[in-house]
Protein chains: 2
Amino acid sequence: MGGEKMMDHKVEGRPERARFVRESADFRRQALIEATARCLAEKGVGGTSVRAICAYAGVSAGLLTHYFEGVDALILATYRDVGEKVSSAMERAVTEAGPDPRDRLWAYLRSNFQPPVLDPNLLATWISFWSLNKTNPEIAATHAETYGGGRERMEVLLREAAPQIPRPAARIAAIALTALIDGLWLELCLDSSTFTIDEALGMLEEGMNYVLQKPRSETVDQ
Amino acid sequence: MGGEKMMDHKVEGRPERARFVRESADFRRQALIEATARCLAEKGVGGTSVRAICAYAGVSAGLLTHYFEGVDALILATYRDVGEKVSSAMERAVTEAGPDPRDRLWAYLRSNFQPPVLDPNLLATWISFWSLNKTNPEIAATHAETYGGGRERMEVLLREAAPQIPRPAARIAAIALTALIDGLWLELCLDSSTFTIDEALGMLEEGMNYVLQKPRSETVDQ
DNA sequence: TATTGATAAGAGCCATGGGCTTTCCAGTTC
DNA sequence: GAACTGGAAAGCCCATGGCTCTTATCAATA
């Protein structure tokens, strides 16, 4: 609408808008994702707002909607990003463990309790994701993917380390070890004074040894 | 103030305020607590507002502040209430298990996966509490109490079932079993299609047997 | 039965949140 | 070097949230 728009002269009351730098889309997206992770970790789900995220990222509030559909989409992207970071770090640990299958399995398991996976902020972020699972179907789908992928990977490593284990038993063992890890992880995050990381590693190692050395091949005949 | 107050005749423009019944403070408090639990379970932390809670409880929004300091205090009271319900249900299971120490321990462990403890809504509520742990010190304190109490109880049952287990080992065993339970619980809540409750019970039983039958008393000499 | 005082309802206030729009600026192109 | 393009900053609008405050209602008591 071509109205003449008043056109105030700005002789001295200049709005003084902040200068800014132009960045690539990838850079901004990544900054927003990392800011979201920090926000979830430090302030919880309730404190994770558009303004808080953008303040952490050092950008104005309008940018979030410019790069993402909304705050929900950004949280989902953060979930995916964090999940990939974790699984790639674990995979790296496996690669660095060398050729021995047992070493590789142990490296995979213990990497949950070593940097960069064992990071208080990361744990807190993860709990936030869990709490969104019920109300956000996309979060739930991403969780199913992440969990399923991790369990399958662990299953493969298990069968490589102990080929005599039958498939169904390997599945159960992977589920149990994952549950043990998650439970220890959870409590470490909620109250790190309950036990130490070394103690957690000890429990995990004992669980792995039990699963591997269990040679009783009494097939489940129910 | 004895003003003559206009005294509108209300011939037909009556405000029509809703009728209500008078209830005891305990009744209202309990109704609000149960509404909060339902709200947390169904709508998550983000959807748990004063209005939502009071709608579930069937009362007006003003009543929440009348009976509790605020919504945070109500959530804390709900946490305490849920925690007591769970622990009393587990204690009941132990009592009903009879005198055999091993039966009692197993009853305690398996009660986590039986009603009323195994309730999808309860699991979701619990995750909500976990997600509040970081930002709410009182929630964190309540968690520490609840977790510590459960672990100590499990430790006692463990040592009654297997007196040869030394104290430090019993502590570790209790922590590990609790972690296993929490991890299985968590995943059952997030995605119940991953495994069945019977499978979870099987894993838990195997864990208990391992802990009990482990007679190697090689004391930890690091 | 009239009084009284606590319980409950519901509107309202202020703050915050999310998303949208407008305005502005930095790098590009002709 | 001037117009152009699109990224970026603020401000705006409306909805929601927590909490308060006033008013209405009920039940027990004198």
Side-chain angles (χ1 to χ4, degrees), chain A residues 1-10 13-32 35-36 39-40 43-76 135-136, chain B residues 1-3 5-10 13-32 35-36 39-40 43-76 132 135-136:
Chain A
M1 53 204 79
E4 201 65 23
K5 241 324 176 42
M6 175 88 69
M7 187 181 298
D8 55 339
H9 275 221
K10 324 175 172 180
R14 280 273 289 283
E16 276 300 335
R17 179 174 289 220
R19 298 298 157 98
F20 62 91
V21 286
R22 239 176 165 75
E23 299 287 356
S24 73
D26 274 355
F27 182 92
R28 291 293 189 203
R29 267 187 241 270
Q30 198 56 34
L32 285 168
T36 305
C39 209
L40 285 173
K43 320 175 85 162
V45 210
T48 300
S49 65
V50 171
R51 288 169 176 83
I53 292 171
C54 291
Y56 274 2
V59 298
S60 75
L63 260 200
L64 194 152
T65 338
H66 188 253
Y67 282 109
F68 294 91
E69 293 281 321
V71 74
D72 287 347
L74 175 54
I75 289 179
L76 182 63
T135 53
N136 189 330
Chain B
M1 58 203 81
K5 234 345 180 23
M6 174 91 66
M7 185 181 301
D8 55 337
H9 276 222
K10 321 176 176 182
R14 279 273 287 283
E16 277 301 335
R17 179 173 290 216
R19 298 296 158 98
F20 62 90
V21 287
R22 235 176 168 75
E23 298 287 355
S24 73
D26 274 355
F27 181 92
R28 291 292 188 203
R29 266 187 243 272
Q30 198 56 35
L32 283 169
T36 306
C39 211
L40 285 173
K43 319 176 84 160
V45 208
T48 300
S49 65
V50 171
R51 290 172 175 85
I53 292 172
C54 291
Y56 274 2
V59 298
S60 76
L63 211 55
L64 194 153
T65 331
H66 189 253
Y67 281 110
F68 293 91
E69 294 281 320
V71 74
D72 286 346
L74 175 53
I75 289 178
L76 182 63
L132 293 173
T135 53
N136 190 329

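All chains are named by letter (A, B, ...) in the order of the sequence lines, taking the proteins before the strands, and each is independently numbered beginning at 1.
- The residue A:Ser49 sits close only to the backbone: its heavy atoms come under 4.0 Å of sugar-phosphate atoms, none of a base.
- In this structure, the nucleotide among C:dG12, D:dT25, D:dT20 sitting nearest to the side chain of B:Phe20 is D:dT25.
- Closest of all the heavy-atom pairs between A:Leu32 and A:Cys54 is CD2-SG, 4.4 Å.
- In terms of position along DNA chain C, the nucleotide closest to B:Arg22 lies nearer the 5' end than the nucleotide closest to the other residue of the pair A:Val71 and B:Arg22.
- Nearest-nucleotide mapping onto DNA chain D: of B:Asp72 and B:Ala18, the residue sitting toward the 5' end is B:Asp72.
- Between the side chain of B:Arg29 and the backbone N or O of B:Tyr67, at least one donor-acceptor pair lies under 3.5 Å.
- Checked against C:dC20, D:dA9, C:dA9, the side chain of A:Leu63 finds its nearest nucleotide in D:dA9.
- Other residues, nucleotides and ligands contribute over 12 non-hydrogen atoms within 6.0 Å of the CD atom of B:Glu23.
- Residue contacts for B:Arg28: at a heavy-atom cut-off of 4.0 Å it reaches the sugar-phosphate backbone alone, with no base atom in range.
- Note on B:Phe68: nothing from the nucleic acid sits closer than 4.0 angstrom, heavy atoms only.
- Put simply, NE2 on B:His66 is 13 Å from C1' on D:dT25, counting in whole angstrom units.
- In the set C:dG18, D:dT25, C:dC20, the nucleotide with an atom closest to the side chain of A:Thr65 is C:dC20.
- Under 4.0 angstrom from either OP1 or OP2 of C:dT7 there lies no side-chain N or O belonging to B:Tyr67.
- DNA chain D is contacted by both B:Val21 and B:Leu64; B:Leu64 maps to the nucleotide lying nearer its 5′ end (nearest heavy atom per residue).
- Going from atom CD1 of A:Ile53 over to atom P of C:dG18 covers 7 Å, rounded to whole Å.
- In terms of heavy atoms, B:Lys43 sits closest to A:Thr135 at O-CG2, 3.3 Å.
- Between the CG atom of A:Leu74 and the C1' atom of C:dG17 there is a distance of 15 Å, given to the nearest Å.
- We find that CG of B:Leu32 is positioned 14 Å from P of D:dG18, with the value rounded to whole Å.
- In this structure, of D:dC12, D:dT25, D:dA9, it is D:dA9 that holds the atom nearest to the side chain of A:Ser60.
- Between B:Phe27 atom CZ and C:dT7 atom P the separation is 15 Å, expressed in whole Å.
- For B:Val50, taking side-chain heavy atoms from C-beta onward, the closest of the listed nucleotides D:dC26, C:dA26, D:dC19 is D:dC19.
- Across all strands shown, B:Thr48 has heavy atoms under 4.0 Å from sugar-phosphate atoms exclusively, and none from any base.
- Between the side chain of B:Arg17 and the base of D:dT23, at least one donor-acceptor pair of N or O atoms lies under 3.5 Å.
- If you run side-chain contact (heavy atoms from CB on, under 4.5 Å) between B:Cys39 and each of B:Thr48, B:Ile75, B:Val45, only B:Thr48 comes through.
- The distance between atom CG of B:Asp26 and atom P of C:dT7, rounded to the nearest whole Å, is 12 Å.
- In this structure, A:Ala57 and A:Ala31 approach most closely via the heavy-atom pair CB-O, 4.0 Å.
- Taking atom CZ of B:Arg51 as the reference point, atom C1' of D:dC19 lies 9 Å away to the nearest angstrom.
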